[in-house]
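Hydrogens, waters and symmetry mates are skipped; everything else that's a heavy atom, side chains included, is used.
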Amino acid sequence: MTVPVHPWLREYLVPSSPIEPQSLAVPSYNDAICFFCQSCGIDQQVKVYQAGREQIGPKWKFVSTHTGRRSFATNLSLKNVAYVLMPRATR
């Protein structure tokens, strides 16, 4: 499956160094996402349910790779992409 990429984003998807890591562990990726969200001021107090209990805190603490996956799937749906294609696009 091919996922379209906005033209201004293409230049950032090209490896910039031969020693650049090929992958990133999910916990490290989640830490980076939280850092960027905090840096961008995404700090509204929210209430979430995790592991069967209620937690309250700034929104950036609860953002993860799964948040991005769900948002991507929602945006595909809003663009009328066929539901049968979504599992392949959101792996």
Could you pull out every donor-acceptor pair under 3.5 Å between side chains of residues 70-79 and any protein atom, sequence neighbours left out?
unit_1, atom_1, unit_2, atom_2, d
Ser71, OG, Thr67, O, 3.0
Thr74, OG1, Arg70, O, 2.9
Asn75, ND2, Ser71, O, 3.3
Ser77, OG, Tyr83, OH, 3.3

TODO: Among Ile, Leu, Val, Met, Phe, Trp and Tyr joined by side-chain contacts under 4.5 Å, find the other residues sharing a cluster with Val26 and list them by chain and number.
DONE: none
TODO: Hydrophobic side-chain clustering at under 4.5 Å (ILVMFWY, transitive links): who's grouped with Phe62? Put none if nobody.
DONE: Val46, Val48
Open item on the list: Please enumerate all residues that pass side chain to side chain contact (heavy atoms under 4.5 Å, CB included) together with Ala51, with sequence neighbours excluded.
Closed with: none
Report all side-chain donor-acceptor pairs from residues 32-45 shorter than 3.5 Å, counting only partners two or more places apart or in another chain.
unit_1, atom_1, unit_2, atom_2, d
Ser39, OG, Phe35, O, 2.8

Task: Tyr49: hydrophobic cluster co-members (side-chain, 4.5 Å) - done: none
